[in-house]
Amino acid sequence: MEDSTATATSSSSTHYLSIFTNYPLISAVTSFTIAQFIKLFTSWYRERRWDLKQLIGSGGMPSSHSATVTALAVAIGLQEGFGGSHFAIALILASVVMYDATGVRLHAGRQAEVLNQIVYELPAEHPLAESRPLRELLGHTPPQVVAGGMLGSATAVTGYLFFRIATS
């Protein structure tokens, strides 16, 4: 009886540790991290100052959302095949996220710019004059989304080749 309990506990802990060898998950997280670090440098290039908020913020070049979901979809396709249902789910998820980034979120950011300008021009006695500005950098332009998708694809393929070499 004790042997079966020890085996179950050992199997359970091994099961939880398998998250560290989940290639699609590692590809997605790695791609997100690389995109966020690239944003730090593209922001410095554009503004000539370091903005550490870029490490956790949305918007900017490249799209970390696009990089993440593209890396996930490509990694699933490479691991399980591009004809499977898992890849289909990941591809549709990636398409929705990327469409949303260039559509709804981009336009919400542009509306925030206009609203912030209106509030800025209000007289000081107006109740909204002291309101905190809305976040303007929410979405992405199509080139930012494409760059994120390319980064995600490259990360997934590189990870796939690395895992194949490491396991052979």
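In what follows, residues are counted from 1 in the order of the sequence shown. This one's a predicted model, so the numbers in the text were calculated from it and none came from an experiment.
Taking OG of S63 as the start and CD of Q144 as the end, the distance is 7.5 Å to the nearest 0.5 Å. Here the straight-line distance linking atom OG of S31 with atom CD of Q36 works out to 10.5 Å at 0.5 Å rounding. The CG atom of L72 lies 10.0 Å from the OH atom of Y23; values are rounded to the nearest 0.5 Å. Separation of atoms OG (S95) and CG (D100) is listed at 12.0 Å; rounding is to 0.5 Å. Here OG of S27 is found 9.0 Å from CG of N22. Values are rounded to the nearest 0.5 Å. Atom CE of M150 sits about 11.0 Å away from atom OG1 of T70, to the nearest 0.5 Å.
The aromatic rings of F87 and F82 sit perpendicular to each other, their planes meeting at more than 60°, with 30° as the lower class boundary.
Each of I89 and V74 belongs to its own hydrophobic cluster when Ile, Leu, Val, Met, Phe, Trp and Tyr are linked at side-chain heavy-atom distances under 4.5 angstrom. Linking ILVMFWY residues whenever their side-chain heavy atoms come closer than 4.5 Å, directly or via other members, leaves Y99 and L91 in distinct clusters. By the rule that hydrophobic residues join a cluster once side-chain heavy atoms approach within less than 4.5 Å of another member, L151 and V146 end up as members of separate clusters. Clustering ILVMFWY residues whenever any of their side-chain heavy atoms sit less than 4.5 angstrom apart, transitively, puts V29 in the very cluster that holds F20.
Pairing each heavy atom of A101 with each of V145, the nearest pair is CB-CG2, 4.1 Å. Smallest separation of non-hydrogen atoms from P62 and K39: O-CE, 2.9 Å. Shown here for M98 and V69, the closest heavy-atom pair between the two residues is CG-CG2, 4.4 Å.
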Begin from the C-alpha positions of I34 and I38 and carry the test side-chain contact (heavy atoms from CB on, under 4.5 Å) through to its verdict. CA-CA 6 Å; I34 292 169; I38 290 173; 3.7 Å; yes

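When the shell of 6.0 Å around CZ of F162 is examined, it contains 12 or fewer heavy atoms from other residues, nucleotides or ligands.
With hydrogens and angles ignored, the 3.5 Å screen pairs no side-chain donor or acceptor of T158 with any backbone N or O of T155.
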